[in-house]
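Remember, it's a predicted structure, so these values are computed and weren't measured experimentally.
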Amino acid sequence: FAGGDRNTVLAAYRRALEPYRDLFSTGPDMGTSPEDFVDGDGPLPLWAQRHEGLGMDDLATGHGVKAAAEAGLANLGRTLAGSAVAIEGFGKVGAGMARACAQAGARVVGVSTVHGLMADADGLVVDELLALRELYGDRLVEHGASEVLPREALFELDCDVLVPGARPDSITRDIAERVRCAVIAPVANVPYGAGA
């Protein structure tokens, strides 16, 4: 919110969308919460509620990305069950994706944040990751059982599914030549850099 006071900017955004209320609904992204987009004191709508420790919108988006990964693997004659998944970013959608993949029988073998990479070829325990995130935020990677690796090492993990999910241009041409996965299922907006 470098452009002004946070509450003022959000109020102006909500006012600008008011004429489209019957056609368009907005929700939270980085740095915002459901409460920022819901007017009134009534109960939060279903999309803004939480289930199993995650927001419904995060769970829905995570399941959508999981479905994309499953479709990519199915195209190769493979399944998500038993697959290794590496996820860039463990915020809202990354956590939803991790939960959806674990429930589908996949192993989350790596999670990176701005503070580094936590990796385990045998699989990380998603509920433990969520508990660490609750305590430490993006620094969760510094509090796992394994050594913290540079975040860029995520793109060289042996995995079946790679999920670029934190920032634009994270897969550069150089990184694209080194990835070791069968499917890339992006969450981030524009995860591929020029030439990737």
Inset, instruction - Please list all pairs passing the ring-ring contact (aromatic ring centres under 6.0 Å, His included) test where one or both residues lie in residues 152-186, with sequence neighbours left out. - result: none
Legend entry - Which residues share a side chain to side chain donor-acceptor pair (under 3.5 Å) with S170, sequence neighbours left out: E88
Inset, instruction - Looking only at non-hydrogen atoms, find the nearest pair between P164 and I171 and report the distance. - result: CG-CD1, 3.8 Å
Only distances under 3.5 Å count here; give the side-chain donor-acceptor pairs of residues 178-192 to other protein atoms, sequence neighbours excluded, each with its distance to 0.1 Å.
{"from": "R178", "atom 1": "NE", "to": "E156", "atom 2": "OE2", "distance (Å)": "2.6"}
{"from": "R178", "atom 1": "NH1", "to": "D174", "atom 2": "OD1", "distance (Å)": "3.1"}
{"from": "R178", "atom 1": "NH1", "to": "D174", "atom 2": "OD2", "distance (Å)": "2.3"}
{"from": "R178", "atom 1": "NH2", "to": "E156", "atom 2": "OE2", "distance (Å)": "2.9"}
{"from": "R180", "atom 1": "NE", "to": "E156", "atom 2": "O", "distance (Å)": "3.2"}
{"from": "R180", "atom 1": "NE", "to": "D158", "atom 2": "OD1", "distance (Å)": "2.9"}
{"from": "R180", "atom 1": "NH2", "to": "E156", "atom 2": "O", "distance (Å)": "2.9"}
{"from": "R180", "atom 1": "NH2", "to": "D158", "atom 2": "OD1", "distance (Å)": "3.4"}
{"from": "R180", "atom 1": "NH2", "to": "D158", "atom 2": "OD2", "distance (Å)": "3.4"}

Legend entry - Joint cluster assignment, L117 & I87, ILVMFWY side-chain distance < 4.5 Å: no
Legend entry - Atom of A121, atom of V109 and distance for their closest heavy-atom approach: O-CG1, 3.6 Å
Inset, instruction - Sort and list the pairs that fulfil ring-ring contact (aromatic ring centres under 6.0 Å, His included) and have at least one residue in residues 129-150, not counting sequence neighbours. - result: Y136-H143
Legend entry - Rounded distance [0.5 Å steps], CG in L135 versus CG in L140: 10.0 Å
Inset, instruction - Specify the closest pair of heavy atoms between L154 and A86, including all atoms of both residues, with the distance to one decimal. - result: CD1-CB, 3.7 Å
Legend entry - Heavy-atom side-chain contact between V85 and V163 under 4.5 Å: yes
Legend entry - side chain to side chain donor-acceptor pair (under 3.5 Å) pairs, two or more places apart, involving residues 106-123: H115-R139
Legend entry - Hphob cluster co-occupancy, M118 + L162, side-chain heavy atoms under 4.5 angstrom: no
Show which side-chain atoms of residues 127-134 pair as donor or acceptor with protein atoms under 3.5 Å away, not counting sequence neighbours.
{"from": "D127", "atom 1": "OD1", "to": "R99", "atom 2": "NH2", "distance (Å)": "3.1"}
{"from": "R133", "atom 1": "NH1", "to": "F90", "atom 2": "O", "distance (Å)": "3.4"}
{"from": "R133", "atom 1": "NH1", "to": "G91", "atom 2": "O", "distance (Å)": "2.9"}

Legend entry - With Y13 via side chain to side chain donor-acceptor pair (under 3.5 Å) - residues at least two apart: T26
Legend entry - Partner set under side chain to side chain donor-acceptor pair (under 3.5 Å) for T8, not counting sequence neighbours: D5
Inset, instruction - Please list all pairs passing the salt bridge (Lys or Arg N to Asp or Glu O under 4.0 Å) test where one or both residues lie in residues 65-74, with sequence neighbours left out. - result: K66-E70
Result block: side-chain N/O donor-acceptor pairs under 3.5 angstrom for residues 72-80, not counting sequence neighbours:
{"from": "R78", "atom 1": "NH2", "to": "D160", "atom 2": "OD1", "distance (Å)": "2.2"}
{"from": "T79", "atom 1": "OG1", "to": "A81", "atom 2": "O", "distance (Å)": "3.3"}

Inset, instruction - Indicate the atoms forming the closest heavy-atom contact of A119 with S146, along with that distance. - result: O-OG, 3.4 Å
